[in-house]
Amino acid sequence: MKVAFVGKGGSGKTTLSSLFTRHLAARGLPVVAIDADINQHMGVALGLDEDRAAKVPAMGERLPEIKDWLRGDNPRVSSTSAMVKTTPPGAGSRLLRVGGDDPVHALGQDVGGATLLATGPFNDDDLGVACYHSKTGAVELYLNHLVDGPGEYVVVDMTAGADTFASGLFTRFDLMFLVAEPTRKGVGVYRQYTEYARDYDVAIAVVGNKVQGDADLAYLREHVGDDLLTWLGQSAAVRAVEQGREGVALEDANTAALDTMLAAVDARAKDWEKFRRQAVEFHLKNARSWANRATGEDLAAQVDPDFRFPVAYAG
Ligand SMILES: Nc1ncnc2c1ncn2[C@@H]1O[C@H](COP(=O)(O)OP(=O)(O)OP(=O)(O)O)[C@@H](O)[C@H]1O
Ligand SMILES: [Mg+2]
């Protein structure tokens, strides 16, 4: 199950994606966490010290190797440089399994039972559609080639703001968590995000964060209505971790919120046909807007009309 955390800067995306990752790992569930934010903070939030966190290899710097491995002997992809971030898998491509034995997961760092992958730091130039060398392109390729089943999780800490929606990346998720503080700014992006998501039939659930008391909760309910899945309070445990203290257990109410989030993910039915169709749709869009020009090829020819994901799982 592919899950993203989005929201305003400072809303708590890194905190909640890391808490959620720990929650899954503590239950022995297979989970890959991906730090896909401009500034890379997930490693530390997951409990790595700064040095080790800085040493997690950047997927964005291994793009040629990643592309080369994924394209395998797919005859529709003429060369590694003709493989762009949206190139969909086809006959001959290699596919990924959560935590599999492959060169992509080999870049990962084990943190408390979860595998941490990182795009590496990037800047504004890496965002948007016109990004041949984009760092988040590595995540898009990863998700496009990943055959995950129920009970397997990929948790992506996304960059703040609507740039998330500038590429097809946001359509790769089974569920997006929109982290919202009970403030005007916090709920300000709600309408925009949910409209984007609905246009592409992407499931989105609002998770309130730093909620203090009934007035905060009423405020969230007033602004996001039934899209409010659950909420976390202002957490002394989160603050204690930020202060460098260890072994502080998360409050029961906040743990219960993580359980609700997990149940919401597990309740999503996989739709591999939609996943495949949208990959093709965004690839063709990408090809027309810049990738054909950048590679000097007609990349529509990379689409394998007969390809289907080999889904050996129920659901
Ligand atoms: N529930 C919470 N209780 C207490 N502190 C919190 C909570 N959630 C987040 N914080 C604190 O709020 C700050 C911002 O959180 P975080 O870094 O997770 O936000 P972000 O959305 O990832 O920000 P950015 O957009 O900069 O990546 C951090 O200091 C974090 O510890
Ligand atoms: Mg963050």
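The structure presented is a predicted model; accordingly, all values stated were derived computationally and were not measured. Remember, it's 1-based here, ligands and their atoms both numbered in the order they're listed.
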Whether [Y] and [X] form a salt bridge (side-chain N of Lys/Arg under 4.0 Å from carboxylate O of Asp/Glu) is what I want to check.
X	Y	result
Arg198	Asp201	no
Asp148	Lys270	yes
Lys55	Asp49	no
Arg239	Glu242	no

Mode of Thr14 contact toward ligand 1 - side chain, backbone, both, neither (heavy atoms, under 4.0 Å):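 Looking at Thr14 and ligand 1, atoms from backbone and side chain both fall under 4.0 Å.
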His145 ring center within less than 6.0 Å of Phe309 ring center: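 No, ring centres 6.0 Å or more apart.
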Asp157 (side chain) donor-acceptor with Ser17 (main chain) under 3.5 angstrom: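 No.
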Do ligand 1 and [X] have nitrogen or oxygen atoms that lie under 3.5 Å from each other?
X	answer
Gly12	yes
Gly233	yes
Leu16	no
Asp157	no
Asp37	yes
His41	no

Residue pair His23 / Asp259, side-chain donor-acceptor N/O under 3.5 Å: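 There is such a pair (donor and acceptor under 3.5 Å, judged by atom type) between the side chains of His23 and Asp259.
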Distance-only polar pair, side chains of Thr87 and Gln302, donor-acceptor under 3.5 Å: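 Per modelled atom types, Thr87 and Gln302 side chains form a pair under 3.5 Å.
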Any idea which protein heavy atom is nearest [atom], and the distance to it?
atom	result
atom 21 (O) of ligand 1	Lys13 NZ, 2.7 Å
atom 6 (C) of ligand 1	Val238 CG1, 3.7 Å
atom 3 (N) of ligand 1	Ser235 N, 2.8 Å
atom 8 (N) of ligand 1	Asn209 ND2, 2.9 Å
atom 14 (C) of ligand 1	Gly10 O, 3.5 Å

Atoms of ligand 1 close to [X] [distance to a heavy atom under 4.0 angstrom, numbered from 1]:
X	answer
Lys8	21 (O)
Glu242	28 (C), 29 (O), 30 (C), 31 (O)
Gly9	25 (O)

Close approach of Lys210 to ligand 1, heavy atoms, under 4.0 angstrom: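 The answer is yes: ligand 1 sits under 4.0 Å from a heavy atom of Lys210.
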Lys NZ or Arg CZ of Arg172 over Phe275 ring: under 6.0 Å, within 45°: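 Cation-pi check for Arg172 and Phe275: passes.
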Close side-chain approach of Thr15 to Val241, heavy-atom, < 4.5 Å: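 A side-chain contact is absent here, since even the closest heavy-atom pair is not under 4.5 Å.
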Thr15 near the Mg ion (ligand 2): N/O/S under 2.8 Å: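 No.
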Closest candidate by heavy atom, reference atom 18 (O) of ligand 1, pool Asp35, Val44, Thr15: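 Shortest heavy-atom distance from atom 18 (O) of ligand 1: Thr15.
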OH-NZ distance between Tyr193 and Lys8, expressed to the nearest 0.5 angstrom: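 With rounding to 0.5 Å, OH (Tyr193) is 7.5 Å from NZ (Lys8).
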